[in-house]
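Note sheet for the following structure.
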Amino acid sequence: YNKKGKTTGIPTIVKEQDNNNIDIAANSRPSFRWIVLMIICFSMFCYSYCYDNPVALQSQLQSRYNLSNIQYNLLYSAYTF
């Protein structure tokens with residue numbers, strides 16, 4: 001609940017000792033929320049890049065290690081598992 005008694009839809013933390021509600025979003029600075037959002041977006045991009053990197057290197061890996069399509073796909077399946 002906000003100061004006017006209406007629900008905000010944002011989770012709150014209740015202190016045990018004095019039962020005061022603390023609104024998490026109201027107490028955080030917008031710049032901090034943007035920084036956290038950018039870190040999460042960057043980490044998701046890095047995860048996708050590392051996960052899909054062998055697909056971009058398929059022809060180089062096949063020519064370097066003399067892999068057939070079946071061997072490469074088995075290798076990629078083991079990597080993604």
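Please read all numbers here as calculations on a predicted model, not as lab measurements.
Here Gln62 pairs with Asn69 under the side chain to side chain donor-acceptor pair (under 3.5 Å) rule; sequence neighbours left out. Scanning for ring-ring contact (aromatic ring centres under 6.0 Å, His included) contacts around Tyr47 gives Tyr51, with sequence neighbours left out. Residues forming a side chain to side chain contact (heavy atoms under 4.5 Å, CB included) with Leu57 (at least two apart in sequence, or on another chain): Asn53, Gln60, Leu61. Ser63 meets the side chain to side chain contact (heavy atoms under 4.5 Å, CB included) test with no other residue; sequence neighbours excluded.
Cluster partners of Met38, by chain and number: Trp34, Leu37. The rule joins Ile, Leu, Val, Met, Phe, Trp and Tyr whenever side-chain heavy atoms lie under 4.5 Å apart.
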Contacts table for residues 74-81: side-chain donor-acceptor under 3.5 angstrom, sequence neighbours left out:
| from | atom 1 | to | atom 2 | distance (Å) |
| --- | --- | --- | --- | --- |
| Ser77 | OG | Asn73 | O | 2.8 |
| Tyr79 | OH | Cys50 | O | 2.7 |
| Thr80 | OG1 | Tyr76 | O | 3.1 |
| Thr80 | OG1 | Ser77 | O | 3.2 |

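Sorted pairs that involve residues 54-73 and meet ring-ring contact (aromatic ring centres under 6.0 Å, His included), not counting sequence neighbours, are lacking altogether.
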